[in-house]
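In what follows, a single structure is set out as structure tokens and then discussed.
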Amino acid sequence: DKNHTENSSNAEYMGGPFRFLDMSAAKFEQAAELIKAHGSNLSNDQLLNLYALYKQATVGDNDSDDRPGFFNPTGRAKFDAWKAQHGKSHDAAKHEYVELVCSLIPDHAASLH
């Protein structure tokens, strides 16, 4: 329950019900590092999907109406891809990001399973 969590010691907190979330966050960060190191051969669509999930996982919903202009096609594509993730929770976006990384670079992502 919430009060028990707030009153728990730090050691109990880290070993309690939130331990799984910490492990998911670690996997998410590891997946992001793997993409930086091994994702140079990915298509623009794959990179856009990764970008959108990363932004949704780390920032949340794109509530901006300030879509980049016609002369910034890369910015528009990123904006639209992130906007398409609207409503997805941080945890769901992290999970999808890790799964996508595993599917795109399976030889390097074995440690994420």
Side-chain angles (χ1 to χ4, degrees):
D1 96 19
K2 184 177 177 186
N3 289 333
H4 175 70
T5 303
E6 290 175 351
N7 294 327
S8 296
S9 73
N10 208 20
E12 289 174 351
Y13 175 80
M14 294 307 289
F18 298 101
R19 193 169 89 217
F20 176 74
L21 295 178
D22 294 337
M23 289 172 40
S24 294
K27 282 186 176 186
F28 174 74
E29 293 300 325
Q30 186 181 4
E33 291 301 318
L34 286 170
I35 282 297
K36 286 179 194 173
H38 304 289
S40 61
N41 294 328
L42 299 178
S43 72
N44 285 340
D45 285 343
Q46 292 167 328
L47 291 171
L48 275 174
N49 286 333
L50 287 164
Y51 171 83
L53 288 169
Y54 186 88
K55 290 293 278 188
Q56 189 67 21
T58 58
V59 178
D61 288 339
N62 178 355
D63 291 325
S64 174
D65 291 326
D66 192 20
R67 187 175 185 226
F70 179 76
F71 294 105
N72 183 358
T74 301
R76 285 173 70 93
K78 286 179 163 183
F79 180 92
D80 292 345
W82 180 16
K83 196 77 160 172
Q85 300 296 324
H86 193 275
K88 188 172 289 177
S89 73
H90 291 275
D91 289 336
K94 285 179 183 179
H95 177 75
E96 286 184 39
Y97 183 90
V98 170
E99 292 299 314
L100 183 56
V101 168
C102 288
S103 72
L104 294 175
I105 55 171
D107 295 342
H108 300 288
S111 61
L112 296 175
H113 296 288

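Note that the coordinates shown come from a computational prediction; the quantities given were computed from them, not determined experimentally.
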Co-membership, hydrophobic cluster, residues Leu50 and Phe79, 4.5 Å side-chain: no
Stepwise side-chain contact (heavy atoms from CB on, under 4.5 Å) check, Asp61 with Gln56: CA-CA 6 Å; Asp61 288 339; Gln56 189 67 21; 2.7 Å; yes
Flag for His86-Asp63: side-chain donor and acceptor within less than 3.5 Å: yes
salt_bridge(Asp80, Arg67) N-O dist < 4.0 Å: yes
Least distance between heavy atoms, Ala109 atom then Cys102 atom: CB-CA, 3.7 Å
Approximate separation, where rounding is to 0.5 Å, of Ser43 OG and Asn49 CG: 8.0 Å
Leu53: which of Glu99, His95, Lys88 passes side-chain contact (heavy atoms from CB on, under 4.5 Å): Lys88
Heavy-atom pair of closest approach, residues Ala25 and Lys94: CB-NZ, 4.3 Å
Within-4.5 Å side-chain heavy-atom neighbours: Lys78 and Leu48: yes
Approximate separation, where rounding is to 0.5 Å, of Phe28 CZ and Leu112 CG: 11.5 Å
Atom pair OG1/CD of Thr58 and Glu29 - distance to nearest 0.5 Å: 8.5 Å
Hydrophobic cluster identity match, Tyr97 and Leu42, side-chain contacts under 4.5 Å: yes
For the student: nearest non-hydrogen atoms of Ser64 and Lys83, plus distance: O-NZ, 2.9 Å
Distance-only side-chain donor-acceptor flag, Gln30 / Lys27, under 3.5 Å: no
Aromatic plane relationship, Trp82 with Tyr51 - under 30° parallel, 30 to 60° tilted, over 60° perpendicular: perpendicular
Distance, nearest 0.5 Å, that separates CG of Asn72 from OG1 of Thr74: 6.5 Å
Heavy-atom pair with the smallest gap, counting every atom of Ala52 and Ala81: CB-O, 3.2 Å
Minimum heavy-atom distance Arg76-Gly69, with the two atoms named: CD-O, 3.0 Å
Spacing of Ile35 atom CD1 and Leu104 atom CG [to the nearest 0.5 Å]: 5.5 Å
Interatomic distance, Leu100 atom CG to Tyr54 atom OH [nearest 0.5 angstrom]: 14.5 Å
